[in-house]
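Take a look at the structure set out below.
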Amino acid sequence: MDHGAPLIKFMGLTFNLSNILMITVASAIVFLIAVISTRRLAMKPTGMQNFFEWVMDFVKNIINSNMAWKDGGRFHVLGITLIMYVFVSNMLGLPFAVTYNHELWWKSPTADPVVTLTLAAMVVGLSHYYGVRVKGLKEYGKDFFKPMWFMFPLKIIEEFANTLTLGLRLYGNIYAGEILLTLLAGSLATGFLGTAVAVLPTLLWMGFSVFIGAIQAFIFCMLTMVYMSHKVSHDH
């Protein structure tokens, strides 16, 4: 619990080496899953291809529940990428954490608010981009003044609130889970009695954390599609 982050400064900016490492690892794992799943495509899918097609159908159902497919089909790949990336990121810190010289190197990247808020800002930014692309700048701008002109300040506040809640919800759930696992792991190292008492709660919480990580990946993907729907659908 008394560890810090491995930070370096470069050109006046501060970089967290742990975040860089874990973001790279999560990206590599998702890439490998995609490559392995699509390496030998078959009409009757088995193994990893079957799993990947299930993820595709799952995300497609999320999109269809929020907008018409003609509007939302363009976000299918985005949804698949987000749900897999967030889930893998949520899982990385569950088996263990690695510290070196009192600096935490191995953890879930989504246990850092910088990472989750960056993802949230990217999603909100993309929603504005596609809103302008689909509706045009003039029509899209009018949406901020509907149903009345005085709604404009509230809608600007809503955009910032969406970014904060999307990012902090993910961060809070994953970070809290890892903190509790760290405390339980500390109890395992306090002798035979501490190990006997803590081993079952640790296993139970790890199982529950897998469930929470999956739910948070689903929520992040679903809210992304909700935000996209609000920007590109003409009935909003």
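Only this structure's heavy atoms are used, side chains among them; waters, hydrogens and symmetry mates stay out. These numbers come from a predicted model, not from an experiment.
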Taking Lys60 first and then Glu53, would you say they form a salt bridge - that is, a charged N and a carboxylate O separated by under 4.0 Å?
no
Please test Lys135 against Asp143 for salt bridge (Lys or Arg N to Asp or Glu O under 4.0 Å), starting from the C-alpha separation and ending with a verdict.
CA-CA 10 Å; Lys135 296 181 177 181; Asp143 289 342; 2.7 Å; yes
Full working for side chain to side chain contact (heavy atoms under 4.5 Å, CB included) between Met84 and Phe52:
CA-CA 10 Å; Met84 291 185 62; Phe52 201 78; 3.6 Å; yes
Name the one of Val123, Leu168, Val124 that satisfies side-chain contact (heavy atoms from CB on, under 4.5 Å) with Thr163?
Val124
Answer with yes or no whether the side chains of Asn90 and Thr110 bring together a donor and an acceptor at under 3.5 Å.
yes
Applying a strict under-4.5 Å side-chain criterion to I, L, V, M, F, W and Y, I'd like to know whether Met222 and Met122 cluster together.
yes
For the atom pair CG (Asn66) and CE (Met225), what is the distance rounded to the nearest 0.5 Å?
8.5 Å
Aromatic centroids of Tyr130 and Phe75 separated by under 6.0 Å:
yes
Does Ser108 reach the main-chain N or O of Ser89 with its side chain, forming a donor-acceptor pair under 3.5 Å?
yes
Where do Lys107 and Leu92 land on the side chain to side chain contact (heavy atoms under 4.5 Å, CB included) test, with the steps shown first?
CA-CA 6 Å; Lys107 62 183 179 65; Leu92 288 179; over 6 Å; no
Does one side chain, of Lys231 or Ser127, offer a donor that lies under 3.5 Å from an acceptor on the other?
no
Parallel, tilted or perpendicular: which one describes the rings of Tyr140 and His128, with boundaries at 30° and 60°?
perpendicular
Between Thr116 and Pro113, is there a donor-acceptor pair closer than 3.5 Å when you use the side chain of the first and the backbone of the second?
yes
